[in-house]
Amino acid sequence: MLSRASGITGVVLVAALVGATMWVQPFVSRPYLHTNLYLPSGKFVQQASLGYHELASDMVWFQAVQYYGGFAMSQHDLAYFGGLIDITTELDPHFAFPYIFGAVVMAQDLGDLDRGIHLLRRGMQENPSMYELPFEIGFLYYTVAHDDSAAARYFDLASRLPGGKDRAGRFAAFVYSKAGHLQTSIRMWEEIEQDPDEQPYLRDLAKHYVQKLQRQAAQQGGKDPVNKEKTPPHGAGNRNDI
Amino acid sequence: MSAIYTLARHTLRTYLQEKILLVVLVFGGLLMLSSYVLSPLAVGAQIKIVIDIGLACVSIFTVVLIVLLGASSFHLEKERGILRSLLAKPISRVDFILGKYFGTFAVACIVIVLMAALHMMVLMLCGSKITSQMLWAEYVTILEAALVTALLTLFSCFTSPVLGSFFTVGCVVCGHFSDDLLQFAGRFSGGAAHAAVTAFYYVLPNLGLLSLRSEAVHDLAIPPGMLFAVTMYTVVYTSVLLYVSTVIFRAREVS
């Protein structure tokens, strides 16, 4: 049995620990430290992970998601986001979702479509049979670059890959629709938002972009010019063009 | 043969009474269960996280357990005089080395099977299916355990427990770097440096081969013939290590 004095000492020490823990909390997160600034390259992490690079990739992915969450809560910008995505995909080149999520955020939030497309093309090299990657390139070409021809080519490529026929075919039809770019983009995002098979996080992101585009449409007062009768763009369907 | 079996059974029974075995199993199990709790945070990679953490846990904890259990047992038997009294009986030094080896390897196999079973349960809890690649990944972890146990047996023959553990962990680390060694050798255009680095590449165990975690996580096809080749590589490498161990042990004085 503990003596009364030891009991009291124990209670006091635990109370002191609780107090000390609360005391140091304000110093846990120090924004000036920029911990992500010191992230090494993917190659280095791959060496350091001693063969457990898939696990290391998961850890960096956790950080990337948290980092984007901080941006969504207006805590910081996305300066290190690209680096985190690059490390994640270098560590595990077959991990597809970071390519897609990273490219969407780069194109939509960072306004760097080229980097987003480059990321997805790198993903395609590593995962040539994954239809989601060319599909996403087509999607970004249409919604961000307004490049019908490139979008159609990539949707066509995606529709030829396993599992991509229905979805990519449907989106290719959007490209040839008579509606204006803004309205078609909203429809494309809505399609992703309502797709029960899509990742919930991407569906949330789609919801956010639908609202953003709807606000944009409202500001333009419905002046989204309806495209002329669209014909299949030159070169569509030619896989060698990509 | 019966001497090896008896020694292996004795080693296994001794290890099963160690608390460290339980600690490693509980810790590994908790970490696997934590992957189930953490998975919702891993956007787009819920199942991947559970598979990654589970497979890595099985591999890491097995190596840690082999090093913790194996390094000291050889020396404890020497210090307690058990080794001397054993060798006084009709048990050869080769029997002793092989008995120790198979006993330690059996414990590693039990730990791998238990942790793999828990991993599969967590995966089924997450709604993931168990693929053949996952089972093969666990199989090559058993091969990895066979090789690491042989390395530890070799180092235990001529060094202290601390140095034995240190050398084993060093070899495991270098074994995962072996592909980079070959790339490094390519930087030298011939000459002694190229030959030395290339020799190191072939002498060190290639533990990168004993990992099918990428294949298991992404459901990638395992190259045909790889499993057989890798099994033969492990068997031959382990046999060589055990042979060297017996040669060293036969030459040593047992006080």
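On a predicted model such as this, the values are computed, not experimentally measured, just so you know. Chain letters run A, B, ... following the sequence lines, proteins first, then strands; residues in each count from 1.
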Quiz item: Quick one: does B:Y101's side chain have a donor or acceptor within less than 3.5 Å of a partner on B:A146's backbone?
Solution: yes
Quiz item: Side chains of A:R122 and A:E90: does their closest heavy-atom pair fall under 4.5 Å?
Solution: yes
Quiz item: Can we call the ring centroids of A:F135 and A:Y154 under 6.0 Å apart?
Solution: no
Self-check item: Contacting region of A:N127 [heavy-atom separation from chain B under 4.5 Å]
Solution: neither
Quiz item: Are the side chains of B:M134 and B:H119 in touch, meaning some heavy atoms are under 4.5 Å apart?
Solution: no
Quiz item: Out of A:G51, A:P98, A:A96, which one racks up the most heavy-atom pairs below 4.5 Å with chain B?
Solution: A:G51
Quiz item: With only heavy atoms counted, which part of A:F95 is less than 4.5 Å from chain B, the side chain, the backbone, both or neither?
Solution: both
Exercise. Kindly indicate whether the side chain of B:I112, heavy atoms from C-beta on, has any atom under 4.5 Å from the side chain of B:E144.
Key: no
Exercise. Pick whichever of B:I51, B:D52, B:I49 has the most heavy-atom pairs under 4.5 Å with chain A.
Key: B:D52
Practice problem: Below 4.5 Å from any heavy atom of chain A, which atoms of B:L207 appear? Answer side chain, backbone, both or neither. | Solution: neither
Exercise. Side chain from CB out, backbone as N, CA, C, O: work out which of these in A:S49 comes under 4.5 Å of a heavy atom of chain B, or both, or neither.
Key: neither
